[in-house]
Amino acid sequence: MNDIHPVPKITGNQYNLPEKFPADEQKIISGKIKHVLRNLLNAQQVLTSLALICVLVLFSNLIESGFLAALCLFVVIFLMPLFSLELRQNKSILLGYFFVITLHETIAFANAYLFVTFGAGFDAALFQKLGGEFAMHEEWGLAIGPQLYAQMLGLVYRWLGVSHLLGEQLSILAFSISCIIFLKIIRLCGIVKYKIYSLLAFGALPTMVFLGSITLRESYQVLSFLLVMYFGIKMHMKGGINSYIIAFILSVLSMCVMHRGLIGYGMWVVPLFFIWSIRPVSRLGNVKILRLVVFVIGPISIAGLILLINVVPSLGAYNMIFDRSWLEFINTLRTGSINVSGRTTYGIPLDLSSNMMTIYSSLKLYVYYLFAPFPWQVSSVQDVYGGMESFFRIIRIYFSVKHWCIAEGSQRRLFALLLIMFFSITLLFSIGTSNYGTAMRHHMLSWWIIVMVGTPLLMAKLSCIRFGAGNSGHRILLKPIENIS
C-alpha cells in the first residue's frame, strides 16, 4: 500500500494543448462577422443612410437648378423690414409691405409652376430663354437695353443655376427695394399722412403686380428712376459738393442702360437737377453761381453748336437735331409700329403737313398715351381694366396738380420737380408708343410720382366726404423740410 503514489494534480496547460481549437476559432470569427453584418444591415440604419444620400443628391440638384438660391431670395425679401427703418416705422406700413410682396410672390410662383400669367407670354419668356443661353454659351458683350438685361440674367444663372423662379425673385427684390426708396422720398417731401395708402396704390396696382413679378426690365427701371429722384433730392439738401452727386450720376447711368430711349432722357435730367433748387428763389442774389452760369452759357453753347454744324461739312449729319428731319424720323418709327396693327393699337400718326397740325397731332397722341383706352375702344375684359387704370391716372394727375398748387415753400418746389419728371418721361414714351397695351408697361415707370403727390390729398378729400369733416387743409399733410432729419 505504501508503494502506491498519489496521482499529481494537473495545473495549467501542462501538456501544451491548444486553448481553442481551430474549429472553435472559426465559429467565433464567423459569429463576429454575422454580428457586424446584422448591425450594418439593420433596416432602420439602411433607410436612414438612403434618406441621407437622397437629401444630399436633392440638395445638390437644388443648387444646380437655382431653386435653392430662389428660396434664399424669397426669405430675404420677406425679411427686408429687418434692414430698413422705413418698412417698420409703424405696423400699418409693415403689413402693407407684406401684403404687396405676397401679391407679387403669388404671381411669380403661379407663372413659374402653374400657368402663364398676364403679360408673361412673350417678352418675359424670351428674356428667360436668352438668360439661359447666355449662362450656357458665355456669349458676353457690351450692350444696353434688353440685351444687357438678358446678360445680367445669364450672369446670375451661371453662378446660381438657371431657374425661372430665380429670375422672378430678382425682379421682386428690385421692387422691394423700390418700396423702401419710395417711402424715403415721401419722408423727404415732408408728407406725414396716408403713407400706407400711397404704398398700397404703388405696389398693389395690378399692372405693377403682374409685370413687376416676372422676368421683365420694368422693376429695375422703376428702381433706377426712384434712385435718381432720391439722390437728386439728397444732393440738394446736403448742399455743396458731396457724395450724393456721385450716387445721383450713377443712378442716371443705371437708368439709361436699361432702356435706349432713356439715354436722351438722362441727358435732360442731369442739367435739370443741377439747375433746379428746392429752396424758394425770390431774387437774383439767391441764384447759385453754377445755375447762373448754366443759364447764361447754355444758350450761347447751343447757338455756337448750330453755327459749327453749318460751317463744318463733316458735321452735317447732326443737322437733324435742329430741323424737322428728327420729326420725320419719329414719324417713320410711329408709322412702322402703327402698320403692325393689333387690337390695342390706337394708331395716331404724327402729322407734319404744317406746324399747327404737328402740334395738334403731338398733343393728341400724348393724350391717347396717357388715357387710352377710351370708352368707345373697350371690347374685352383687358380693355375694361385698362380703362379703369386710365381713370385712376386721371384722378391722381388732377390731385397731384392740385396738391402742388396749395403746397408752399420747399414742398411746392419738390412737387413741381416731380411733376416735371412725370410729364417729361410720359411725353418721351408717348413718341414711340402706338398701343395702350405697351403704354401700360411704360406707365409703371412714372406711376409712383402721381401716387406720391396725389394720393395724400385724394385720401384727405375722401375722408372729408366720408366723415363730414371740414376742410382739413394741406398743412396736416405736410411738414417743413427743414425739420426733417
Side-chain angles (χ1 to χ4, degrees), residues 73-108 169 171-210 212-213 218-219 222-231 233-234 237 392 395-396 399-400 403 407 411 414-415 418 444-464 466-467 472 474-481 483-485:
L73 282 181
F74 174 85
V75 173
V76 169
I77 290 168
F78 273 96
L79 294 180
M80 193 66 74
L82 295 178
F83 311 104
S84 172
L85 289 174
E86 300 292 341
L87 294 177
R88 61 177 192 271
Q89 57 183 275
N90 57 59
K91 187 176 181 180
S92 61
I93 294 292
L94 184 62
L95 293 178
Y97 171 78
F98 285 140
F99 174 73
V100 296
I101 289 298
T102 301
L103 293 179
H104 281 70
E105 292 291 355
T106 301
I107 297 300
Q169 293 303 312
S171 296
I172 300 177
L173 178 63
F175 167 76
S176 66
I177 300 174
S178 298
C179 291
I180 298 174
I181 306 301
F182 177 77
L183 293 171
K184 284 181 176 292
I185 298 176
I186 286 180
R187 177 172 55 83
L188 292 178
C189 289
I191 299 173
V192 296
K193 296 192 66 176
Y194 306 114
K195 290 186 284 187
I196 176 59
Y197 296 103
S198 297
L199 178 62
L200 292 176
F202 167 64
L205 181 74
T207 304
M208 190 73 71
V209 172
F210 279 94
S213 307
E218 273 67 21
S219 293
V222 172
L223 174 58
S224 61
F225 196 30
L226 280 161
L227 288 173
V228 167
M229 192 68 203
Y230 173 71
F231 287 122
I233 296 175
K234 293 291 287 185
M237 288 185 170
F392 295 150
I395 295 298
R396 280 182 166 79
F399 279 99
S400 295
H403 203 179
Q411 274 89 10
L414 275 177
F415 290 167
L418 285 165
M444 293 172 60
L445 194 58
S446 57
W447 170 249
W448 64 270
I449 297 177
I450 54 177
V451 166
M452 182 181 297
V453 182
T455 298
L457 191 62
L458 171 63
M459 296 308 301
K461 183 66 174 179
L462 292 176
S463 298
C464 291
R466 179 180 178 183
F467 299 108
S472 58
H474 66 281
R475 291 180 179 82
I476 65 169
L477 303 178
L478 303 172
K479 64 179 179 179
I481 290 181
N483 295 336
I484 300 173
S485 57

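Sequence positions, counted from 1, serve as the residue numbers for this chain. The model shown is predicted, which means the values in this text are computed figures rather than measured ones.
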Test item: P456 and F399 side chains (from C-beta on) under 4.5 Å apart, heavy atoms: no
side-chain contact (heavy atoms from CB on, under 4.5 Å) between S213 and F175, worked out: CA-CA 8 Å; S213 307; F175 167 76; over 6 Å; no
Approximate separation, where rounding is to 0.5 Å, of L418 CG and I450 CD1: 11.5 Å
Minimum side-chain heavy-atom gap Q411-H403 below 4.5 Å: no
Residues forming a side-chain contact (heavy atoms from CB on, under 4.5 Å) with I196, sequence neighbours excluded: S92, I93, L200
K184: partners by side chain to side chain donor-acceptor pair (under 3.5 Å), with sequence neighbours left out: none
F78: side-chain contact (heavy atoms from CB on, under 4.5 Å) partners, not counting sequence neighbours: F74, F98, I101, T102, E105
Pairwise side-chain contact, L183 with S84, heavy-atom cut-off 4.5 Å (strictly under): no
Smallest separation among heavy atoms of L173 and I77, with atom names: N-CD1, 3.7 Å
Spacing of CZ belonging to R396 relative to CD1 belonging to I449, to within rounding of 0.5 Å: 14.0 Å
For the student: nearest non-hydrogen atoms of A407 and F415, plus distance: CB-CD1, 3.8 Å
side-chain contact (heavy atoms from CB on, under 4.5 Å) against S178, all qualifying residues, sequence neighbours excluded: F202, V222, L223, L226
Test item: R88 side-chain N/O and P81 main-chain N/O as donor-acceptor pair under 3.5 Å: yes
Nearest-0.5 Å distance, CE of residue M444 to CG of residue L205: 8.0 Å
W447 side chain to A201 backbone, donor-acceptor under 3.5 Å: yes
Flag side-chain contact, heavy atom, 4.5 Å: Q89 against K195: yes
Between CE on residue M229 and CG on residue L227, distance to nearest 0.5 Å: 12.5 Å
With Y197 via side-chain contact (heavy atoms from CB on, under 4.5 Å) - residues at least two apart: Y194, T455, M459
Side-chain heavy-atom pair I172, Q169 within 4.5 angstrom cut-off: yes
For the student: nearest non-hydrogen atoms of A204 and V100, plus distance: N-CG1, 3.9 Å
S219 side-chain N/O to G212 backbone N/O, donor-acceptor pair under 3.5 Å: yes
Nearest-0.5 Å distance that lies between atom CG in L199 and atom CD1 in I186: 7.5 Å
Nearest heavy atoms of Y97 and S176, plus distance in Å: OH-CB, 3.4 Å
Geometric class of the F225/W448 ring pair [parallel <30°, tilted 30-60°, perpendicular >60°]: perpendicular
Test side chain to side chain donor-acceptor pair (under 3.5 Å) applied to T207 - qualifying residues, sequence neighbours left out: Y385, E389
S400 side-chain N/O to V453 backbone N/O, donor-acceptor pair under 3.5 Å: no
Heavy-atom pair with the smallest gap, counting every atom of G203 and H104: O-CE1, 3.2 Å
Atom pair CG/OG of L73 and S171 - distance to nearest 0.5 Å: 11.0 Å
Shortest non-hydrogen contact from M452 toward I191: O-CD1, 3.4 Å
